Amino acid sequence: METHRLSLPPLDEPGEVVTFYSHKGGAGRTMVLANLAVMLARRNNATVPTLVIDWDLEAPGLHHYFKPIGDGAGVLELFEACRDQLLRRTRLDGGRDDAALAQAVLDAVGWEQYITRADNGRPLYLMRAGRQDASYPERLARLDWEALFDACPALFRVFAENLARRFRHVLVDSSAGRSGMAGICTTLLPTKLVMVFAPNRQDLEGVEALVQRATAWRCSHEDEQRQMLIYPLPSRIEMDDSAHRALWRRGDPERGIPGYQPLFERAFAEAYGMSRISLESYFDEVQLQQARSLAYGEPLPVFADEDDDRFSVTRTFQAFLGWFLGGYQPWQSRDEIPLLSAVAQGRTAMERGGGRGVSLPLARDLARLGELYRREGRLEAAAGCLEESLSLHVLILGDDHVDTLDSKAVLADLLFEQEKYGEARFLQEAVLEVREKLFGAGAPVTLEAASALAATLAQANQIPEALALQDAVIDAHQRQLGNEHLATIESLAVRADILCHGEQLEAAVDLLEEVVALRSMLLGPEHADTVRTRNMLAQARSRSKQPGISAGRDMHARDIEEAGEAGEVRGKEREPERRRERGHGHGYERGRDNQGGGIEQPHAGYPAQRGRQVGSDEMVVDGGPSPSRLR
């Protein structure tokens, strides 16, 4: 056979090899691959070279979606040729390492000649399963895949590397089940694995076992220590049957239905060594609906869905590509992905010398990402983002700018949540001092800062100071807003928290009863804030009945009275000497690296103004009163 070399030049960076696998037939695996291949080849004005490989040699059918002219050789003929080359070279190349031997074999057989163009309007290419003549079944039966691997273990890995040097995307249609061919496609070839499954017990058992096998193989073989991302893709989902759709997604142990979301969450947590992950956001978007366009013949829906409305199959594929193309993990939420992209672009612009017009949007995006991580419970990642954001605010706006103060306040809240009370207090005192100067002692933002500091003081067991500070907040709210305003009620709830922390439980119970009554009247008895306060009240009542509590309850009564009489309240009169002694100009020492709290892209450090090294940031939280700060 005459060798026809590809005209495609090598890529600047290697592409990726992706295997599409299903445990059983009927899940729509080949159809999914074909649609995604067309979408990928369309990208960047149809300039992205994409190759599809039909490795389902027992039941080849991928070529029907593209209909190249005539029949031709493919995967079977390629590896028949590799087998013959290995038989001839084994004695001659005994001293050559596996990778070099594999490359020599692939060069000798001319692997490029087995690839044909599948679309004349896009850079889309096809490697068939093989020439479909009368000898095909017999030739397939004679090819021993395990013997081929034993003769040259690096052959399939080096083959994948050769493909990735020419094609941005290589999509491999694997055979179903647990055959040797399926093992090659799912463990040796890919950098990504797409697991297409229908929601039934047999499919779920099969894909769960494959996650374990594929990841265990990569971890246990020294030559295969490559990252592999796994993307589950539920298919054949009936969109007009919400009850069964939810049942098979969430599961029902009593009915023996595992639920594919908890199944993959457990499998991924174990495979990647994580304590807990959530695929909630991913499966909210990625469920391939059963559609008439997918059920008959081989026409691809992506050719027909020109309008791309929210009910189209193409929209589901686009949602999937949101994770797939960027190399994002399925447990990263759909809100995180655009923020990560914006942060990466902003950091690149900063490295190129971007000024205020770049740094402030980057600070905003970092703050939003930090708040997202905080809501998801990823506190260390949140801290990294917020610290970098604050560095940018200080650099561009200065320590005392309103936005910088807001950033400090949000970071202080996070530090409080992490139980780093000393660091939180330092920031809170700085915020309170400047807000008093800028806005006055009775301004809402100043009162918010005072209440936050009071909660932190309580954690340091400075109960008299905390109560005095919070009483000043309550008094200001009552004068400005009245006794039944939500902000006033929230300030009473914070005072009750402080009383509970100081074991002054009788006073806390009385105050919590008042808060429950007010919240029930204004918000309703079943509102989340009402329920939360009712639970606190029950806990306080229970603790007040425990022996030995009453003595501790009155320990601070005299101190509180004296503190109130002495006027230990917030503002300039509240320990200015202590603030100076703490070194207000020294800043907040972070001791963190510059990895962005879980963001993979590195970023540059930002110099602080006036010699102050500030490495934290915060974001204003929109909405009503913040939840209770004390634990």
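Everything numeric in this text was worked out from a predicted model, so none of it was measured.
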Take V75 and Y114 through the side-chain contact (heavy atoms from CB on, under 4.5 Å) test and state the conclusion after the steps.
CA-CA 7 Å; V75 175; Y114 299 93; over 6 Å; no

Would you say F416 and L414 make side-chain contact, with heavy atoms under 4.5 Å?
no

M181 and S175, any side-chain heavy atoms less than 4.5 Å apart:
yes

Does either side chain, that of S135 or that of D133, offer a donor lying less than 3.5 Å from an acceptor on the other one?
yes

Ring centres of W55 and F79 under 6.0 Å apart?
yes

Could you check R534 against V531 for side-chain contact (heavy atoms from CB on, under 4.5 Å), going step by step and ending with a plain yes or no?
CA-CA 5 Å; R534 192 181 300 120; V531 173; 3.8 Å; yes

Among side-chain atoms of Q418 and E380, is any donor-acceptor pair under 3.5 angstrom?
yes

Is the closest basic N to carboxylate O distance between R168 and E13 below 4.0 Å?
no

Side-chain heavy-atom pair W248, R201 within 4.5 angstrom cut-off
yes

Between the side chains of Q261 and Y282, is a donor N or O closer than 3.5 angstrom to an acceptor N or O?
no

Would you say R276 has more than 12 foreign heavy atoms packed within less than 6.0 Å of its CZ?
no

Counting only heavy atoms not in H244, do more than 12 fall under 6.0 Å of its NE2?
no

Test applied, side chain to side chain contact (heavy atoms under 4.5 Å, CB included); reference residue, V32; option that passes from D173, V313, L233
L233

Does the side chain of M127 reach to within under 4.5 Å of the side chain of D54, using non-hydrogen atoms?
no

With a sphere of 6.0 Å drawn around CD of E280, does it hold more than 12 non-hydrogen atoms of other residues, nucleotides or ligands?
yes

For the student: nearest non-hydrogen atoms of Y328 and G322, plus distance
CD1-O, 3.6 Å

Just checking, any donor-acceptor pair under 3.5 angstrom between side chains of R532 and N535?
no

With a 3.5 Å distance limit and no angle check, can you tell me whether S22 reaches the backbone of A27 through a side-chain donor-acceptor pair?
no

Determine whether R157 and E161 satisfy the following criterion, salt bridge (charged side-chain N to carboxylate O under 4.0 Å, His left out), listing intermediate values before the conclusion.
CA-CA 6 Å; R157 172 169 54 85; E161 292 170 356; 3.6 Å; yes

Do L51 and L126 have side chains that approach each other closer than 4.5 Å (heavy atoms only, starting at C-beta)?
no

How about R519 and T530: does a side-chain donor come under 3.5 Å of a side-chain acceptor?
no

Any heavy-atom pair between the side chains of V194 and L171 that's under 4.5 Å?
no

Is there a side-chain contact between T30 and F20 (heavy atoms, below 4.5 Å)?
no

Identify which one of E265, E208, Q287 satisfies the side-chain hydrogen bond (donor to acceptor under 3.5 Å, both in side chains) criterion when paired with Y260.
Q287

Please check if atom CD in Q202 has more than 12 non-hydrogen atoms from other residues, nucleotides or ligands closer than 6.0 Å.
no

For the residue pair F197 and F264, is the inter-centroid distance of their aromatic rings smaller than 6.0 Å?
yes

Shortest non-hydrogen contact from P232 toward P330
CD-CG, 4.2 Å

Keeping K192 on the side-chain end and F324 on the backbone end, is there a donor-acceptor pair under 3.5 Å?
yes

State, with a plain yes or no, whether a side-chain heavy atom of L204 is found less than 4.5 Å away from one of P199.
no

